[in-house]
There are 2 protein chains.
Amino acid sequence: MKPVSLKQIAKELGISITTVSKALNDYPDVSEKTRKKVKDLALKLDYSPNSFALGLRKNESKTLGLIIPDNVHYFFSSVIKGILEVAEKHDYLVIVMQSNEDYELEKKQVDLLISKGVAGILISLSNRTHIFDHLNKIINNGIPLLLFDKISKNVNCSKVFIDDRKSAYEAVSYLIKKGYKRIAHFRGDLNPQNSIDRFLGYKKALADNNIEFDPSLVYLCNNNSDFEDGYNSAKKLISDHQGNVDALFTVNDLLAIGAIKYFNQNNIKIPEQIALMGFSNWFMASVITPALTTVEQNGFEMGKKAADILFHEINCIRKGISYEPQKVVIPTELIFRESS
Amino acid sequence: MKPVSLKQIAKELGISITTVSKALNDYPDVSEKTRKKVKDLALKLDYSPNSFALGLRKNESKTLGLIIPDNVHYFFSSVIKGILEVAEKHDYLVIVMQSNEDYELEKKQVDLLISKGVAGILISLSNRTHIFDHLNKIINNGIPLLLFDKISKNVNCSKVFIDDRKSAYEAVSYLIKKGYKRIAHFRGDLNPQNSIDRFLGYKKALADNNIEFDPSLVYLCNNNSDFEDGYNSAKKLISDHQGNVDALFTVNDLLAIGAIKYFNQNNIKIPEQIALMGFSNWFMASVITPALTTVEQNGFEMGKKAADILFHEINCIRKGISYEPQKVVIPTELIFRESS
DNA sequence: TTGTACGCGTTATCAT
DNA sequence: ATGATAACGCGTACAA
């Protein structure tokens with residue numbers, strides 16, 4: 001019922017707790033005979049060290065904290081998977097929390113993680129986080145912090161992210177190279193840097209190819225229901241620019257899929273009448289008809305890289321070495337499919 | 001840098017550690033004046049109790065363990081969200097692990113969780129788990145265990161799941177009521193109970209409606225790549241039963257979506273030539289064209305209910321009350337869309 | 001009202 | 001080769 005402790009093993013074997021501890025931790029100054037006795041009994045009793053005592057003694061928890069805005073999300077799920085995989089290899093556990101895009105909650109969760117004594121913290125910021133005291137608190141507590149995907153320039157810590165601007169630029173440039181000239185854009189919320197940067201990449205691609213930027217081709221989608229936003233904006237787009245638009249670049253795949261639904265229903269041929277380019281390469285993008293051309297944003301790799309860096313920093317701290325915050329850009333890639 | 005302890009507060013105030021502890025924990029036997037002094041300083045220093053010490057002292061961790069086969073999965077993601085939401089309310093943290101359908105890994109993870117001293121454990125079993133010693137070990141350690149979705153009858157603990165057989169029965173009965181008679185089935189792996197039960201529900205619906213069961217209409221899809229399995233099986237289905245099949249019930253939505261892709265590409269009209277019924281109501285089901293009629297399997301509710309029950313049991317243990325394992329069936333619901 | 005002493009399980013230091 | 005002791009931070013029975 002109650003977990004076995006060193007004490008019980010010592011008692012049963014008639015030796016001291018110290019010796020048991022040494023035997024189990026392979027200290028050289030304990031006889032082979034004793035070591036074997038101890039290890040055998042420990043195995044038999046299924047002993048495992050009490051992690052509270054260990055934590056108290058060594059002040060290390062073998063635990064990471066992870067905060068994301070939303071877990072029910074293909075991209076973030078992939079990131080988590082990458083992080084869990086690396087943590088697993090290091091025999092670390094991961095505490096996962098969802099901020100639900102709520103700044104106050106995020107703050108509270110950070111406090112909880114700090115008080116839990118986690119060895120490191122990974123965060124993808126909520127869209128509503130504009131104050132960073134809670135993040136600096138992490139750093140001031142000597143806990144390595146890593147921001148990924150939704151990052152902030154105002155915090156001095158390691159970051160893993162994609163180059164949204166460049167990726168969007170490449171995506172739109174591809175459309176242009178294919179001959180499309182009237183390219184609409186469904187952009188995301190005005191706040192998050194991602195959505196801003198993708199918009200800027202779109203604009204720059206137009207400019208660099210001498211295509212005049214037409215603000216009426218840009219639609220703001222921020223009702224937090226991407227699929228329907230995509231559907232409705234597609235409808236508006238067609239009624240606004242009937243015949244005078246030949247391509248559409250959306251800030252994420254879901255908007256594109258909503259648009260596809262509308263186009264399919266209204267017999268607007270993809271890509272003949274309008275070409276589509278998404279962003280993120282959600283699983284859905286590959287199974288929809290027509291399959292969606294999009295930008296691969298490798299969440300799994302991002303998760304692995306993020307965890308790798310964090311472990312590097314954790315190790316530095318353990319060894320008392322100082323480290324420099326790193327900024328790593330995860331490469332993206334155009335995925336060519338049927339929609340353009 | 002280093003977290004503040006009671007000791008420092010005591011020193012700074014020139015009083016004993018005990019008094020500080022009592023003041024912070026609102027013991028009655030400490031003067032108002034002292035209490036205020038202590039609380040003010042604690043707030044100023046941003047004191048928070050060392051959770052290792054607390055865990056060691058009280059042997060409780062305010063932490064749950066959660067093991068799922070795969071996080072990148074709409075259904076499981078939803079379950080996690082439900083669990084996290086309830087845990088949040090109780091001020092509990094959740095350690096999330098992925099077994100990747102690997103029995104050995106699942107076992108190791110259970111050991112880790114036990115040694116971490118988690119207050120309770122939630123598991124959706126891997127498909128390859130047929131030995132249950134590790135689960136009984138949890139119970140023997142006095143830790144509440146709850147199985148959800150992928151459960152086993154051979155473990156004596158609380159369980160939250162859906163009635164796969166009944167749900168499949170209702171789904172197929174609906175198809176029959178609509179007039180379909182030659183109903184094919186894409187079934188899942190032979191092992192997991194879910195896939196067996198859904199198959200049995202399918203058979204029973206046929207039997208109860210005097211439709212002869214035709215084994216040649218059942219296709220085994222177990223290549224772990226549901227979308228392609230669905231696509232390929234649909235192809236086979238058509239070549240095997242051209243014109244002699246009018247509906248298809250798949251063990252999950254992804255198979256159905258693969259089939260839709262094939263039917264769409266080959267101009268086979270849904271539902272005119274073949275009607276489709278999926279299972280799970282993944283997000284994708286609602287956005288695909290045609291939208292997929294399916295069985296809603298409410299993961300979010302399942303997660304919430306699972307966590308509720310677990311917390312009930314954790315409370316019982318804390319109070320020393322005994323409790324009976326519960327079995328809760330989460331209701332499913334037919335979602336009518338365009339595919340049938 | 002305040003403080004002393006002990007124990008939770010572990011490991012590091014120092015004696016034996 | 002082995003063991004006694006202290007310390008990590010906290011809560012609590014008990015003494016003052």
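As the structure is a computational prediction, the values presented were derived from the model and not from experiment. To find a chain, count down the sequence lines: A is the first, B the second, and so on, and within it residues start at 1.
- For B:Ser5, no side-chain nitrogen or oxygen approaches OP1 or OP2 of D:dC8 to under 4.0 Å.
- In this structure, B:Glu60 places its CD atom 17 Å from P of C:dC8, rounding to the nearest Å.
- Within the nucleic acid shown, A:Asn59 has no heavy atom closer than 4.0 Å to any nucleic acid atom.
- A straight line from CD of A:Gln8 to C1' of C:dC8 spans 13 Å, rounded to a whole angstrom.
- Look at CZ on B:Arg57: it is 12 Å from P on D:dC10, rounded to the nearest Å.
- Residue-level contact check: B:Tyr27 touches the backbone only, with heavy atoms under 4.0 Å from sugar-phosphate atoms and none from bases.
- Atom CG of A:Asn25 is separated from atom P of C:dT13 by 14 Å (rounded to the nearest Å).
- Residue B:Ile15 contributes atom CD1, which lies 21 Å from atom P of D:dA16 at whole-angstrom precision.
- Side-chain N/O atoms of A:Thr63 and B:Lys116 include a donor and acceptor closer than 3.5 Å.
- Listed candidates were C:dG3, C:dT11, D:dA1. Nearest to the side chain of B:Thr19 is C:dG3.
- Separation of the A:Tyr103 and A:His130 ring centroids does not fall under the 6.0 Å cut-off.
- At D:dT12, none of the side-chain N or O atoms of B:Lys58 fall inside 4.0 Å of OP1 or OP2 (strictly under the cut-off).
- Applying the 4.0 Å criterion to OP1 and OP2 of D:dT2, one finds that A:Ser16 has every side-chain N and O outside that range.
- Between B:Asp40 and B:Arg35 there is no salt bridge, since no side-chain nitrogen of the basic residue lies less than 4.0 Å from a carboxylate oxygen of the acidic one.
- Look at B:Glu104 and B:Arg128 and you find no salt bridge, because none of the NZ, NE, NH1 or NH2 atoms lies under 4.0 Å from a carboxylate O.
- Between the NZ atom of B:Lys33 and the C1' atom of C:dT1 there is a distance of 12 Å, given to the nearest Å.
- Two residues, B:Pro49 and A:Arg35, neighbour DNA chain D, and the one matched to the more 5' nucleotide by heavy-atom proximity is A:Arg35.
- Rounded to whole angstrom, the span from the CD1 atom of B:Ile17 across to the C1' atom of D:dC8 amounts to 12 Å.
- The side chain of B:Thr34 places an N or O atom within less than 4.0 Å of a non-bridging phosphate oxygen (OP1 or OP2) of C:dT2.
- Salt bridge absent: A:Asp308 and A:Lys304 never bring a charged side-chain N and a carboxylate O closer than 4.0 Å.
- Under 4.0 Å is where a charged nitrogen must lie from a carboxylate oxygen, and between B:Asp29 and B:Lys22 at least one such pair does.
- Of the side-chain N and O atoms in B:Ser21, one or more sit less than 4.0 angstrom from OP1 or OP2 of D:dG11.
- Checking D:dC8, D:dC10, D:dT2 against every side-chain atom of A:Asp29, the shortest atom distance belongs to D:dT2.
- Dashed line: the shortest gap from a side-chain N or O of A:Tyr47 to OP1 or OP2 of C:dT10 is under 4.0 Å.
- To the nearest angstrom, P of D:dG9 lies 7 Å from CG of A:Leu56.
- Within the 4.0 Å cut-off from OP1 or OP2 of D:dG3, not a single side-chain nitrogen or oxygen of A:Lys22 is found.
- Contact annotation: A:Thr18 does not reach the phosphate of D:dT5 (side-chain N/O to OP1 or OP2, under 4.0 Å).
- Checking the phosphate oxygens (OP1, OP2) of D:dC8, no side-chain nitrogen or oxygen of B:Asn50 falls inside 4.0 Å.
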